[in-house]
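Here's a structure for you.
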Amino acid sequence: MPGYDFRSPRLFVSAPLEPGAPLALERAQAHYLTTVLRLGSGDRVLVFNGRDGEWSATIEAAKRAAVLRLGAQTRAQTAAADLHYLFAPLKSARLDYLVQKAVEMGVSRLQPVLTRHGQVARVNLDRMRANAIEAAEQCGVLSLPDIAPPVALNRVIAEREPTRWLVFCDENAETVNPAAALGGVPPQSPLAVLVGPEGGFADEERAVLLKQQNVVRLALGPRILRADTAAVAALALVQTVVGDWR
């Protein structure tokens, strides 16, 4: 990201972005800029909405009713990678971490998946979205991932598009070179990465997954990883070998 401005605060907004347009902020955002960061009238921030790129804006402040005045576009909108992350839900703090890292890695859809041995069934989607926004704001990401409600694994399989390659992380797979295991996936293909619960996949779940078209069964090295660690490892591997890190 040559020449990227890492010093100016970034805010995600939902409104359309147009040059010269005023942009009223939510109270929490105004508080963050004027009270937490101690910014005032004339100070610069960057804003994005996931659709119109990133824009420079200046603060027109009254402490509890800050307005931003949009200037020039700093970066055009780019297409998100076509990369879905499917995962067994985790408890709150570790799910927060997983969501943040998945956004940083370029995931375009977050899909909680309910499996036989999963330990968590309920997911706070608003909290997931808040963590996704925070990660995007801090890391210069232009697009937010779609955040889907939890669904059962059998439904995910039944509704899956067979043209989307599924990278199925399985601790029971043979420990071989995982990069070589991805060698049959065409670069820039639509992808989904699936990481199961820390209790592992049930035998019948594994059997059904292995019968699907365009599935790669992947071991993540010789050690057992916790699910949030597996998320980072799997996504980094996939992005490096067949994703947009190439």
Side-chain angles (χ1 to χ4, degrees), residues 1-85 92-110 123-149 228 231-232 235-236 239 243-245:
M1 301 172 68
Y4 179 70
D5 181 358
F6 286 100
R7 296 182 177 85
S8 297
R10 294 181 84 238
L11 286 181
F12 173 81
V13 297
S14 57
L17 301 177
E18 300 175 355
L23 183 65
L25 295 178
E26 298 175 2
R27 184 169 180 176
Q29 292 176 318
H31 172 81
Y32 172 68
L33 293 179
T34 61
T35 303
V36 177
L37 297 183
R38 299 182 180 277
L39 300 179
S41 295
D43 285 328
R44 180 177 185 263
V45 299
L46 299 171
V47 294
F48 68 105
N49 62 6
R51 305 182 304 275
D52 301 322
E54 180 186 78
W55 294 70
S56 177
T58 53
I59 300 173
E60 297 178 355
K63 272 202 171 181
R64 297 191 178 182
V67 172
L68 298 180
R69 182 70 59 177
L70 293 181
Q73 188 183 63
T74 54
R75 287 191 292 159
Q77 187 68 36
T78 54
D82 194 356
L83 175 59
H84 297 180
Y85 185 62
S92 57
R94 294 176 61 205
L95 180 58
D96 293 346
Y97 174 89
L98 183 154
V99 169
Q100 292 164 7
K101 301 310 162 190
V103 172
E104 293 175 36
M105 291 288 184
V107 162
S108 59
R109 182 179 176 87
L110 288 163
V123 177
N124 186 331
L125 298 180
D126 290 337
R127 181 166 175 156
M128 284 183 61
R129 179 173 171 80
N131 274 287
I133 289 172
E134 180 180 349
E137 288 176 339
Q138 292 180 355
C139 296
V141 176
L142 289 176
S143 300
L144 288 186
D146 295 329
I147 296 176
D228 46 349
V232 178
L235 291 170
Q239 288 286 54
D244 64 8
W245 289 11

Just verifying a value: how many Å separate L11 CG and L25 CG, rounded to the nearest 0.5 Å? 6.5 Å
Less than 4.5 Å apart, any side-chain heavy atom of V103 and any of E134? no
Which pair of non-hydrogen atoms, one from P9 and one from L39, has the smallest distance, and what is that distance? CG-CD1, 3.8 Å
Roughly how far apart are L144 CG and F48 CZ, rounded to 0.5 Å? 5.5 Å
Distance col, row M105:CE vs C139:SG, nearest 0.5 angstrom, shows 10.5 Å
Minimum heavy-atom separation for P22 and V67, please, with both atom names. CB-CG1, 4.0 Å
Tell me whether S108 contacts the main-chain N or O of L83 through its side chain, where contact means a donor paired with an acceptor under 3.5 Å. yes
Any sub-3.5 Å donor-acceptor pair from R51's side-chain atoms to S14's backbone N or O? yes
I need the minimum non-hydrogen distance between G50 and Q77, along with the two atoms involved. O-NE2, 3.4 Å
Under 3.5 Å, side chain of R10 to main-chain N/O of V141, donor-acceptor pair present? yes
Supply the atom-to-atom distance F12 CZ to N49 CG, rounded to the nearest 0.5 angstrom. 6.5 Å
Name all residues meeting the side-chain hydrogen bond (donor to acceptor under 3.5 Å, both in side chains) criterion together with D244; count only those two or more places apart in sequence or in a different chain, and write none if there are none. Q239
Of all heavy-atom pairs between W55 and P19, which one has the smallest distance, and what is that distance? CH2-CD, 3.4 Å
Please test D5 against T74 for side chain to side chain contact (heavy atoms under 4.5 Å, CB included), starting from the C-alpha separation and ending with a verdict. CA-CA 9 Å; D5 181 358; T74 54; over 6 Å; no
Side chains of V13 and Q29: closer than 4.5 Å at any heavy-atom pair? yes
Just by modelled atom types, is the L142 backbone N or O under 3.5 Å from a matching donor or acceptor in the E54 side chain? no
Can a donor-acceptor pair be found, under 3.5 Å and without considering hydrogens, that links the side chain of N131 to the backbone of Q100? no
Measure from the side-chain N and O atoms of Q73 to the backbone N and O of D52, and report whether any donor-acceptor pair falls under 3.5 Å. yes
In Å, rounded to the nearest 0.5 Å, how long is the span from OH of Y85 to CG of L235? 6.0 Å
Would you check if R109 and P145 make a side-chain contact, meaning some heavy-atom pair closer than 4.5 Å? no
Smallest heavy-atom separation, L98 atom then A231 atom, equals CG-CB, 4.0 Å
Which atom pair, heavy atoms only, marks the closest approach of A132 to V99? N-CG1, 3.8 Å
Distance col, row L68:CG vs L33:CG, nearest 0.5 angstrom, shows 6.5 Å
